[in-house]
Amino acid sequence: MNSVSEIYGSMVFNKRVMRERLPRDTYRELRKTIKEGLPLNSAVADVVANVMKNWAVEKGATHYTHWFQPMTGITAEKHDSFISPMSDGTVIMEFSGKELIKGEPDASSFPSGGLRVTFEARGYTAWDPTSNAFVKDGTLCIPSIFCSYSNEVLDKKTPLLRSMETLDREALRILRLFGNTTAKRVVATVGAEQEYFLIDKDMYNRRKDLFYCGRTLFGAKPPKGQEMEDQYFGAIKPRIAAFMKELDEELWKLGVLAKTKHNETAPAQHELAPFFSSSNIAADHNQLTMETMKKVADRHGLVCLLHEKPFSGVNGSGKHNNWSISTDTWLNLLEPGESPSENAQFLLFLVAVIKAVDEYQDLLRVSVASAGNDHRLGANEAPPAIISLFLGNELTEILEAIEKGLPCGKKEKCELQIGVQGLPSFPKDTTDRNRTSPFAFTGNTFEFRMVGSSASISGANFVINTIVAESLSQFAEELEKAPNLTDALNALIRRTIRDHKRIIFNGNNYAREWVEEAERRGLLNLKSTSEALPCFISDRNIALFTKHRILSKAEIISRYEILIEGYCKILNIEALTMIEMFRKEILPGVCTYMKDLSETALAKKSVLPGICCEAEEALLGKLSLLSGQSYRKNEALEKALLQSRAESDMTAAAKYFTAVVLPAMQELRTAVDEMETLVGEDYWPYPTYGDILFKV
Ligand code: ADP
Ligand code: MG
């Protein structure tokens, strides 16, 4: 094997390759364009395209594609080959600047919500030069954004990029107030830890629920679950280790900084954490990570499940979105500093996040809402559906003292005057980590733990960036006008703590008491996707996104429609899958078992009249009852599903799915799972939870 440093980034058209291969002027021009976000002039683009093509061909590429993130959640590619016919019947490999800069996939094959009706169906992709091109499976991939021809945003990445610009602008205003004249940019950084399950491919193929829905819709609890807690950091099995090794190598080639890997709490569950990077790169890399996980798993006879809750009764999977803000000189703005002034600045950024999370709880909840994640949020394993923020006791005490204008008690003579006078030194590392909090301060980042494992992190991050930018923009507005900065800063920080401290919660988020306490505090508890999503289109949230030019009203509404429709579609597919499994596989299996039981009893009696057939008869009785019961539950589900078609309004339909279809699915499952515990293993049509989770 080549060394890691040789492998790392070997398939990426990165800065080093650009410097080596591009003419010096072109290189300089391109870097400038990337840095300043300017449009690329066509002469430069032609040179870059040609060099990029030659490099890609050396790496084995024959095709190129604009690689983008439509609203479907996965990445999209339309491959075009480099070949261009010559008059003498031969071909040459060609790639122009125009082709590099702009692609034209058929927009009508991607969800666009209401936009498709009102606007042209055609769309275009545009190169996002802030993210490096790379070669994957013989194709040069050009990271791109995706818009309709009339410039409506149709992808997940554009709002993320725009939110980064907004955050940059507003954060710089604050830095200038603190006398920082050197920082040129402020970047939102993200490290997204990815949880996933690995199961055997044969078992996967034998279950329609996994196959169609990515999660099991039936399945009785095995005798052993995760209660022994022997999985986390346990030895990694050889087959899994081989997968992980190859995954690392594949990701390194693509320039993805995969760093840690370990088992997770549930059996067959694992995690991969990357080094952090700017949030747009982190989003691209997370998409590549998910895609590569699936591909590599397949080569090892495994299937990688990215669903948020593949198995009931076993922990689900999420994505811990570690978020912070840094200057272009990698000064982390959420890291307490050495001097009182640095700490005052830290404090201002900290309360900006606190204010943002409190004021836009609904948007944060919307940003992670999906049918899959609903099974996870609020269960006793993942953060609850209630948004709160963990600071740790030490930091909370300091904030309380600041709010009250009290001496902090930690140092004898700290007056807690922000600015020139002494501020307490802040704890640099909160060792009291709280694993139950949805939004936890970890010493220099915030860890947003509600993101679902299959989701694009763009959704959560464009919301976080925007709401924090909004806090900062209000702060800057106030402070820039203030005659005395120190006084204004003091008043502002105190007021912000007072007004938003209700969002801070350091206790156990899984406790029932917290639900009641949160209600007393007036915090939102949006339990399901159908309850959460409508918040997206509230006047207040539309005003926020339009103010910062992240999304227009039409774009927000179209996104809402895509999301709510997607939710209904998923539940519809799940319900149909259950019905099919029940009718075609489960019931026939149970009947065969019952037939064999009765034949056994009959045979016994014909040989030895009067013989006891207690087991056969008892089982037969129970199964008759249960199969009748589940048959009725299945009918009820079919009826519920039929009625869902009567809802003409998508929002109402989504609410109906949550309120009626989902419980009907659960009832059918309960009856079927009970039968599974009674029916002989050879008769049950599916691999059991025990087989799937422990026999990898
Ligand atoms: P834990 O499991 O305790 O959360 P990990 O080391 O698995 O810790 O994950 C921490 C994640 O936080 C990593 O992905 C890391 O890159 C990321 N991270 C660290 N510093 C920053 C930062 N300044 N901005 C964004 N993410 C960060
Ligand atoms: Mg974590």
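In each ligand, atom 1 is the first atom listed, and ligand 1 is the first ligand listed. Here, residue 1 is the first one in the sequence, and each next residue gets the next number. Hydrogens, waters and symmetry mates are skipped; everything else that's a heavy atom, side chains included, is used.
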How about CZ on Arg176, more than 12 heavy atoms from neighbouring residues, nucleotides or ligands closer than 6.0 Å, or not? yes
What atoms of ligand 1 come within less than 4.0 Å of a heavy atom belonging to Phe275? 16 (O)
Should His320 be listed as contacting ligand 1, given a heavy-atom distance under 4.0 Å as the test? no
Hey, is the main chain of Asn541 close enough, under 3.5 Å, to the side chain of Tyr360 for a donor-acceptor pair? no
Below 4.0 Å, non-hydrogen atoms only: which portion of Thr445 touches ligand 1? Side chain, backbone, both or neither. side chain
Is it the side chain, the backbone, both or neither of Phe276 that has a heavy atom closer than 4.0 Å to ligand 1? both
Is there side-chain contact between His270 and Met244, with heavy atoms separated by less than 4.5 Å? yes
Classify the contact between Asn332 and ligand 1 as side chain, backbone, both or neither, using a heavy-atom distance cut-off of under 4.0 Å. side chain
Result for side chain to side chain donor-acceptor pair (under 3.5 Å) between Ser454 and one of Glu308, Lys319, His307 points to Glu308
We want to know whether Asn332 and Ser326 form a side-chain donor-acceptor pair, criterion being a heavy-atom distance below 3.5 angstrom. no
If you compare Ala188, Ala273, Pro274 by their heavy atoms, the one closest to atom 14 (O) of ligand 1 turns out to be Pro274
Tell me whether Ala192 has any N or O atom under 3.5 angstrom from an N or O of ligand 1. no
Do the charged groups of Glu517 and Arg521 touch, with an N to O distance under 4.0 Å? yes
Can you list the ligand 1 atoms lying under 4.0 Å from a non-hydrogen atom of Val190? 25 (C), 26 (N)
Nearest candidate to atom 6 (O) of ligand 1, where distance is taken over non-hydrogen atoms, out of Glu447, Lys259, Glu193: Lys259
Can you tell me if CZ on Arg185 sees more than 12 non-hydrogen neighbours from other groups inside 6.0 Å? no
Could you tell me whether Lys501 and Glu400 make a salt bridge, using a distance below 4.0 angstrom between a side-chain N and a carboxylate O? no
Thr189-ligand 1 polar pair, N/O distance under 3.5 Å: yes
Would you say Arg435 has any N or O atom under 3.5 Å from an N or O of ligand 1, going by distance alone? yes
Heavy-atom nearest option to atom 17 (C) of ligand 1, drawn from Leu333, Asn322, Thr442: Asn322
